[in-house]
Amino acid sequence: MDKVRPRITVLSSEQIEQVHTYSLRVLSTTGIRVDSQRARDIFCKAIGCSSDDDRIRIPAELVEHAIRSAPSSIEVYTRAGEVAFCLDAAQNSQTYFG
């Protein structure tokens, strides 16, 4: 008997792209609230973000660079330190619950 593997599809690829575009706009215009002055200084000096209050505005190019440089797979471990499974972009048909 084959295992039943549920698949959840919430957004179409066009909707995903639209959410991404709007997210980039929010990050670059509204920004994120960072209460720590030290953290704001690190954002501005290290990665070129702008700040004129308690908000850090992150340029779209920086977000895109971070996405491109992120690993394509991530191993998830049990509490005992053993690999439980791997989140892998090439195996995006997998759905994990728990």
Side-chain angles (χ1 to χ4, degrees):
M1 178 179 216
D2 290 332
K3 290 183 180 181
V4 175
R5 296 198 175 187
R7 182 178 170 104
I8 299 173
T9 303
V10 180
L11 300 173
S12 69
S13 56
E14 293 82 19
Q15 291 169 320
I16 291 170
E17 186 62 35
Q18 187 175 30
V19 168
H20 178 67
T21 300
Y22 290 149
S23 298
L24 292 176
R25 186 179 308 155
V26 168
L27 288 170
S28 65
T29 58
T30 304
I32 58 172
R33 180 178 159 185
V34 179
D35 292 326
S36 165
Q37 180 63 49
R38 183 172 179 229
R40 288 193 301 271
D41 291 344
I42 291 171
F43 268 106
C44 292
K45 289 178 186 170
I47 58 177
C49 297
S50 65
S51 173
D52 55 9
D53 49 14
D54 66 346
R55 302 255 172 213
I56 295 293
R57 288 159 190 83
I58 305 171
E61 306 80 43
L62 184 60
V63 176
E64 294 289 0
H65 172 73
I67 291 171
R68 285 190 307 274
S69 63
S72 61
S73 65
I74 300 171
E75 291 181 336
V76 178
Y77 292 83
T78 66
R79 290 183 182 180
E82 300 165 353
V83 176
F85 56 89
C86 182
L87 298 173
D88 189 342
Q91 297 178 359
N92 64 4
S93 63
Q94 292 282 34
T95 303
Y96 295 96
F97 297 91

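Counting heavy atoms from C-beta outward, Cys49 and Pro59 have side chains that approach closer than 4.5 Å. At a threshold of 4.5 Å between non-hydrogen side-chain atoms, the residues Gln18 and Leu11 do not count as touching.
Under the 4.5 Å side-chain heavy-atom criterion for Ile, Leu, Val, Met, Phe, Trp and Tyr, Leu62 and Ile67 are members of the same hydrophobic cluster. Note on Ile42: it does not cluster hydrophobically with Ile56, by side-chain heavy-atom contacts below 4.5 Å among ILVMFWY residues.
Summarising the geometry of Cys44 relative to Ser51, their closest heavy-atom pair is SG-CB, 3.7 Å, with the distance given to 0.1 Å.
Around NE2 of His65, the count of heavy atoms belonging to other residues, nucleotides or ligands within 6.0 Å does not exceed 12.
A side-chain donor-acceptor contact under 3.5 Å links Arg40 to the backbone of Asp35. Using a distance-only test at 3.5 Å, with no hydrogens or angles considered, a donor-acceptor pair links the side chain of Arg57 to the main chain of Thr29.
Atom OG of Ser12 sits about 10.5 Å away from atom CD of Glu17, to the nearest 0.5 Å.
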>> As a quick check of understanding, evaluate side chain to side chain contact (heavy atoms under 4.5 Å, CB included) for Leu24 and Glu64, giving each step before the final call.
In response: CA-CA 9 Å; Leu24 292 176; Glu64 294 289 0; 3.2 Å; yes
